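Data first, discussion second: the structure below is written as structure tokens.
If you read the sequence from its start, that first residue is 1, and numbering goes on from there. Not measured: the values here are computed from a predicted model.
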Amino acid sequence: MCGRYVLASGGDAVQAAFGLAERPLLTPRYNIAPSQPVPVILRRAADTAPELVTLQWGLVPGWAHGEAAARRPINARAETVSERPMFRQAFRRRRCLVPADGWYEWSVTAYGKQPWYLQ
């Protein structure tokens with residue numbers, strides 16, 4: 001499961017890839033971490049054009065009483081996302097696309113953790 005990712009593509013590339021009406025102003029980011037604001041693509045309704053908005057990376061479950069009280073998961077397993085109570089409603093009704101050029105996975109070595117960049 002990805003814990004950090006990269007978005008280095010410019011606004012032209014993201015606009016073309018996702019069919020956005022407007023060219024977004026994006027600054028390259030090479031170490032995007034959980035809880036940070038991130039650009040995502042969403043549609044407000046089925047008959048509207050996709051748009052780029054900024055959201056905070058993480059999930060506040062619908063049953064949590066406020067952001068501070070919630071456990072803030074950043075990832076869900078594809079095999080169980082539709083069944084787990086924490087993710088079920090968000091998976092069914094509140095999806096978005098996260099543009100990314102690559103992500104980091106870590107392996108443990110004799111010298112410590114080694115990041116691997118995948119794209």
Heavy-atom pair of closest approach, residues Asp101 and Gln119: O-CB, 3.1 Å

Within-4.5 Å side-chain heavy-atom neighbours: Thr54 and Val40: no

Point-to-point distance, once rounded to the nearest 0.5 Å, from CD of Gln56 to OG of Ser35: 6.0 Å

ILVMFWY network linking Leu118 to Val98, side-chain heavy atoms under 4.5 angstrom: yes

Intermediate values then yes/no, side chain to side chain donor-acceptor pair (under 3.5 Å), Arg29 and Gln36: CA-CA 11 Å; Arg29 295 173 62 190; Gln36 292 182 342; 3.1 Å; yes

Contact summary for Tyr117 and Val6, nearest pair of heavy atoms: CE1-CG2, 3.4 Å

Shortest non-hydrogen contact from Gly3 toward Pro34: O-CD, 3.0 Å

Side-chain donor/acceptor of Glu83 to backbone N/O of Thr80, under 3.5 Å: no

Contact check, side chains of Val14 and Leu20, non-hydrogen atoms, under 4.5 Å: yes

Which residues share a side-chain hydrogen bond (donor to acceptor under 3.5 Å, both in side chains) with Thr109, sequence neighbours left out: none

Heavy-atom side-chain contact between Pro39 and Leu7 under 4.5 Å: yes

All ring pair (Phe, Tyr, Trp, His ring centres under 6.0 Å) counterparts of Tyr5, not counting sequence neighbours: Trp57

Side-chain touch Pro99/Ile41, heavy atoms, less than 4.5 angstrom: yes

Distance, nearest 0.5 Å, that separates CG of Leu52 from CG of Leu26: 6.0 Å

Point-to-point distance, once rounded to the nearest 0.5 Å, from CD of Glu22 to CD of Glu51: 9.0 Å

Heavy-atom closest contact (Ser82 atom, Arg92 atom, distance): O-NH2, 4.1 Å

Pro50 to Gly19 - nearest heavy-atom pair and separation: CG-O, 3.8 Å

Audit row: Leu59, Phe87, side-chain contact (heavy atoms from CB on, under 4.5 Å) steps and yes/no: CA-CA 8 Å; Leu59 175 71; Phe87 302 107; 3.5 Å; yes

Residues which pass side-chain hydrogen bond (donor to acceptor under 3.5 Å, both in side chains) with Trp103, listed by chain and number, not counting sequence neighbours: Glu105

Phe18 side, atom CZ; Arg43 side, atom CZ - distance, nearest 0.5 Å: 12.0 Å

Quiz item: cation-pi between Arg95 and Phe91, 6.0 Å / 45°: yes

